[in-house]
Amino acid sequence: VLDSHTSHIASKFTEIKQKNDKRTGKMLEENPKEIKTGDASLCILKPTKPMDVETFKQYAPLGRFAVRDMKQTVAVGVIKSVCKGESTGKSTKTADKAAKAK
């Protein structure tokens, strides 16, 4: 589950782009097969439902996230970029009402 601000939406790690040094931020490995506890990385996450987030530079509170599994925090980080696309999953009731109002 990806938690960002007040939203809690199931998400999937689609790709691990690179593994970085925790202190300097320099790239250590490109397209690693796995990351371990304590590693820093750049990953692509895809939520199952539409989600309101911003990049950390634009608006910090909406640019932070936590990944939780069984109520235990697995990963934390900041959002570097956002790819806006067509929503393929279900939308919430509030989103449906907002769309009808327009």
Side-chain angles (χ1 to χ4, degrees):
V1 176
L2 181 68
D3 297 338
S4 178
H5 207 283
T6 59
S7 61
H8 314 283
I9 296 178
S11 298
K12 184 177 182 179
F13 282 90
T14 56
E15 185 180 355
I16 303 171
K17 288 273 201 183
Q18 62 188 21
K19 189 174 176 181
N20 300 333
D21 185 356
K22 284 192 301 188
R23 295 199 173 136
T24 63
K26 292 183 180 177
M27 184 177 66
L28 297 175
E29 186 179 347
E30 195 162 331
N31 297 322
K33 290 189 177 185
E34 62 181 21
I35 49 177
K36 296 181 180 177
T37 303
D39 288 346
S41 65
L42 182 67
C43 302
I44 296 177
L45 292 163
K46 185 171 184 178
T48 56
K49 293 181 183 178
M51 188 173 189
D52 287 331
V53 293
E54 291 290 338
T55 60
F56 185 76
K57 286 183 178 181
Q58 285 182 323
Y59 190 66
L62 287 177
R64 291 186 182 96
F65 70 91
V67 179
R68 292 196 172 90
D69 184 33
M70 301 296 287
K71 296 184 180 180
Q72 187 171 8
T73 303
V74 177
V76 293
V78 296
I79 298 170
K80 296 281 189 176
S81 66
V82 178
C83 297
K84 297 177 184 176
E86 293 294 320
S87 60
T88 55
K90 297 179 182 178
S91 61
T92 61
K93 291 179 185 176
T94 308
D96 290 338
K97 286 181 185 178
K100 287 180 184 177
K102 288 184 178 180

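As a basis for the values below, the full set of heavy atoms in this structure was taken, side chains included, without hydrogen atoms, waters or symmetry mates.
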Visitor: Kindly compute the distance separating NZ (Lys19) from NZ (Lys33), expressed to the nearest 0.5 Å.
Guide: 13.0 Å
Visitor: Could you check if a side-chain atom of Lys80 sits within less than 4.5 angstrom of a side-chain atom of Leu42, using non-hydrogen atoms only?
Guide: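 Of all side-chain heavy-atom pairs linking Leu42 with Lys80, at least one is under 4.5 Å.
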Visitor: Mark yes when over 12 heavy atoms from residues, nucleotides or ligands other than Asp52 sit less than 6.0 Å from its CG; otherwise mark no.
Guide: no
Visitor: Checking Thr14 now: which residues fulfil side-chain contact (heavy atoms from CB on, under 4.5 Å) with it, not counting sequence neighbours?
Guide: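 Expected list: Ile44, Lys46.
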Visitor: Between Leu45 and Leu2, is the side chain to side chain contact (heavy atoms under 4.5 Å, CB included) condition met? List the steps.
Guide: CA-CA 9 Å; Leu45 292 163; Leu2 181 68; 4.0 Å; yes
Visitor: Taking side chain as C-beta onward, heavy atoms only, is Val67 less than 4.5 Å from Phe13?
Guide: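 When only atoms from C-beta onward are counted, Phe13 and Val67 do touch, with a gap below 4.5 Å.
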Visitor: Is Phe56 close to Leu62 at the side-chain level, that is, under 4.5 Å between some pair of heavy atoms?
Guide: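 No, their side chains stay 4.5 Å or more apart.
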Visitor: Taking the side chain as every heavy atom from C-beta outward, state whether Met27 and Glu30 have any atom pair closer than 4.5 Å.
Guide: yes
Visitor: When rounded to the nearest 0.5 angstrom, what distance separates CG in Leu28 from NZ in Lys22?
Guide: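 Going from CG on Leu28 over to NZ on Lys22, the span is 11.0 Å.
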Visitor: I need the Thr6 OG1 to His8 NE2 distance, nearest 0.5 Å.
Guide: 6.5 Å
Visitor: What is the minimum heavy-atom distance between Pro47 and Ser11, and which atoms define it?
Guide: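 Taking Pro47 first and Ser11 second, the nearest heavy atoms are CA-OG, 3.4 Å.
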Visitor: Measuring only between side-chain heavy atoms, which start at C-beta, is Thr48 closer than 4.5 Å to Ile9?
Guide: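 Yes, their side chains come closer than 4.5 Å.
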Visitor: Side chains of Glu15 and Asn31, heavy atoms from C-beta outward: is any pair under 4.5 Å?
Guide: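 Counting from C-beta outward, Glu15 and Asn31 do come under 4.5 Å.
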Visitor: Search all heavy atoms of Ser4 against all heavy atoms of Val53 and return the closest pair with its distance.
Guide: OG-CG1, 3.6 Å
Visitor: Any side-chain heavy-atom pair from Met51 and Lys49 closer than 4.5 angstrom?
Guide: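 No - every pair of side-chain heavy atoms lies 4.5 Å or more apart.
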Visitor: Grab the two heavy atoms, one from Pro32 and one from Ile16, that are nearest each other, plus how far apart they are.
Guide: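 Of all heavy-atom pairs spanning Pro32 and Ile16, the closest is CG-CG2, 3.6 Å.
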Visitor: Step by step, work out the side chain to side chain contact (heavy atoms under 4.5 Å, CB included) result for Val82 and Thr55.
Guide: CA-CA 7 Å; Val82 178; Thr55 60; 4.2 Å; yes
Visitor: Heavy atoms, side chains only, cut-off 4.5 Å: are Val74 and Arg68 in contact?
Guide: no
Visitor: Going from CD1 on Ile79 to NZ on Lys57, what distance comes out if it is rounded to the nearest 0.5 angstrom?
Guide: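 Interatomic distance, Ile79 CD1 to Lys57 NZ, rounded to 0.5 Å: 14.0 Å.
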Visitor: To the nearest 0.5 angstrom, please state how far the OG atom of Ser41 sits from the CD atom of Glu34.
Guide: 12.0 Å
